[in-house]
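Heavy atoms only: backbone and side chains are in, while hydrogens, waters and symmetry mates are out.
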Amino acid sequence: MDRGENQVSIELQESVEPVPALFKLITVGPESLSCQPNGHQRKLSVSISMPSSPTGASSAGSKNVLDVEGNGKGCKDEAPSKAKPKGVKFLSQPMPIGSAFGEAANIRNINQHPNIKKLKDKRFNSFKTWSDRALPVDRYFDALEGPELETLRASEEIVLPDDKTWPFLLRYPISSFGIFLGVSSQAVMWKALATATSTKFLHISLTVNLILWWISIALVAAVSSIYLTKVVLYFKAVRRDYYHPIQVNFFFAPWISLLFLALGLPPSVATTLPVALWYVLMTPFLFLELKIYGQWMSGGQRRLSKVANPTNHLSVVGNFVGALLGASMGLKEGPIFFFAVGLAHYTVLFVTLYQRLPTNETLPKDLYHVFFLFVAAPSVASMAWANIQGSFDYGSRIAYFIALFLYFSLAVRVNFFRGLKFSLAWWAYTFPMTGAAIATMRYSSAVTNVVTQTLSVILSVAATLTVAALLVTTILHAFVLRDLFPNDIAIAISDRKPKPQNKWFNLIRHGSSDHDIETFLKFANSDSKDIEAALKIPTAEATCV
């Protein structure tokens, strides 16, 4: 012993097994060990698990120190102030594989996985609520810009982190329903190719219709299941989709697709459908249209002149598809009702969009293809009226010729399709092209000649190639490039308006770059006071009262 002080001497054993170990400090008192006689030759060996650092070797609250040096000459009690052990050595013991400590270490490693950490990120929990209040439509117009209101203004901040990729369900857009909208309409077209009198010379088998119909069923089930999961887990995001002035139109898409599936039903599956099915499918249309069309007429910020966009055609074309299905089932009054409602609102929407009344601004190049939605309504309307009337008469031909002219007026503009960046919005013009091809086959059956038959084949091939190319491209971006679903900025805007005046004052007071000033001037209200006057910094005389 040095200077009469107690000392703990413990043999150090090195573990050669690369197994993680957990150490703890143990203070041993005399009440737990018995003292050995002086002549005892047995060496006391103590195995204690201790921390890897000697900083915690001495405990301020320890009252008893074990003397086990050499031959272990007795036990002594010391006061806490005198307990200053020296030369402390540490004993490391391997931890058994499969122990609770090992499982805890494995859990810590798993929790560090990026995907697990993303699921535990609480910054997205605010979108899981079911009691969030609706966001007013003027916030969308104030916070977003662009023809589809998909770009955040520079003066805004989003409520979700923009420096990372959000969970998949939050990025999954309502516009995904446009995918099976195009595929299900293809099932209808190939059924018409196989059964129309004007295309009998092609000898098309109904097997193609059957395959496409089952593919459409699978797509409907997959896309709907994913979005229903989003409804359950992120209801606030779905609610914001519903109140978004543009994205709300895509809530018509799944019901239109179900109508196409009913129209494209393969004869090998069933030859007739129950009439009650038509009422079930058209009931959601009625409730959605009562809301949408009422807002177009007297909805303040949601009036048609404010929210008009080519995607509004989705809310109109469903009337004609429903009238077409109902008339094919033998119904009269119901299909005429929806046909009349669709005709009235298509006329108003056509004039509003044709003149670009809301903004008088042209769509950007990336969205030129949505103009093909102009073709969808008159194409389907011509067939619906033919089923209601019983023949492809003059009324049906007028609607068909309008659709045909709009189709070619867009198709001849090749520059529309150069240098475009792929997006899900491309699916917007797949079913209008398919609808034009089906209407052409119906017209060719009424006016059969080489020109109408050739036109039927050309439009059918163009629609098929377009859908096939988009389907392959969509799969490539979804599973290979993995950039199909970027962060949906439109649902993450704040419910509070920013204060540009304070920001502008800070720019003047603290100095700013040319980029900051350009950003402010870009989004400044044109009705505000003179910018030169706003640049003046208040002087002491001006601020004195």
Over 12 non-hydrogen atoms of neighbours within 6.0 angstrom of CH2 in Trp296: yes
Taking the inter-plane angle between the rings of Phe422 and Trp426 on a 0 to 90° scale, is it parallel (under 30°), tilted (30 to 60°) or perpendicular (over 60°)? perpendicular
First locate atom CG of Leu263, then atom CG of Leu325, and finally report the distance between them rounded to the nearest 0.5 Å. 5.0 Å
For the side chain of Asn249 and the backbone of Ile246, is there at least one donor-acceptor N/O pair under 3.5 Å apart? yes
Just verifying a value: how many Å separate Leu281 CG and Leu259 CG, rounded to the nearest 0.5 Å? 5.5 Å
State, without any angle test, whether Gln186 and Thr434 hold a side-chain donor-acceptor pair at a distance under 3.5 Å. yes
Which one of Phe252, Phe374, Phe320 satisfies the ring pair (Phe, Tyr, Trp, His ring centres under 6.0 Å) criterion with His313? Phe374
dist Ile204:CD1 -> Thr195:OG1 (nearest 0.5 Å) comes out at 11.0 Å
Of all the heavy-atom pairs spanning Gly342 and Val316, show the shortest one and how long it is. O-CG1, 3.5 Å
Is it true that the NZ or CZ of Lys291 lies under 6.0 Å from the centre of Tyr242's six-membered ring and within 45 degrees of the ring axis? yes
I want to check something: taking the side chain as every heavy atom from C-beta on, are Leu353 and Pro310 in contact at a cut-off of under 4.5 Å? yes
Examine distances only and state if a side-chain atom of Gln453 and a backbone atom of Ser198 form a donor-acceptor pair shorter than 3.5 Å. yes
Under 6.0 Å from the CZ atom of Phe141, do we count more than 12 heavy atoms belonging to anything else shown? yes
Point-to-point distance, once rounded to the nearest 0.5 Å, from CH2 of Trp255 to CG of Leu314: 15.5 Å
Once you measure the plane-to-plane angle for Phe177 and Phe180, does it fall in the parallel (<30°), tilted (30-60°) or perpendicular (>60°) bin? perpendicular
Closest non-hydrogen atom pair between Thr199 and Ser456, with its separation: CG2-CB, 4.5 Å
With no hydrogens and no angle check, is any side-chain donor or acceptor of Arg240 less than 3.5 Å from a backbone partner on Ile493? yes
Do the two ring centres, one from Phe127 and one from Tyr234, sit under 6.0 Å apart? no
Calculate, to the nearest 0.5 Å, the distance between atoms OG and CG belonging to Ser175 and Asp488 respectively. 8.0 Å
So, for Tyr443 and Phe401, is the gap between ring centers shorter than 6.0 Å? yes
With distance as the sole test, does Ser444 use its side chain to make a donor-acceptor pair with the main-chain N or O of Thr440 at under 3.5 Å? no
Show every ring-ring contact (aromatic ring centres under 6.0 Å, His included) that has at least one partner inside residues 191-216, sequence neighbours left out. none
Determine the interplanar angle of the Tyr400 and Phe392 rings, folded into 0 to 90°, and report it as parallel if under 30°, tilted if 30 to 60°, perpendicular if over 60°. perpendicular
Please round to the nearest 0.5 Å and tell me the distance separating atom OG1 of Thr165 and atom CG of Asn487. 6.0 Å
Heavy-atom closest pair, residues Met189 and Ala463: SD-CB, 4.2 Å
Given the side-chain rings of Phe408 and Phe405, with only the six-membered ring counted for Trp, is the space between their centroids under 6.0 Å? no
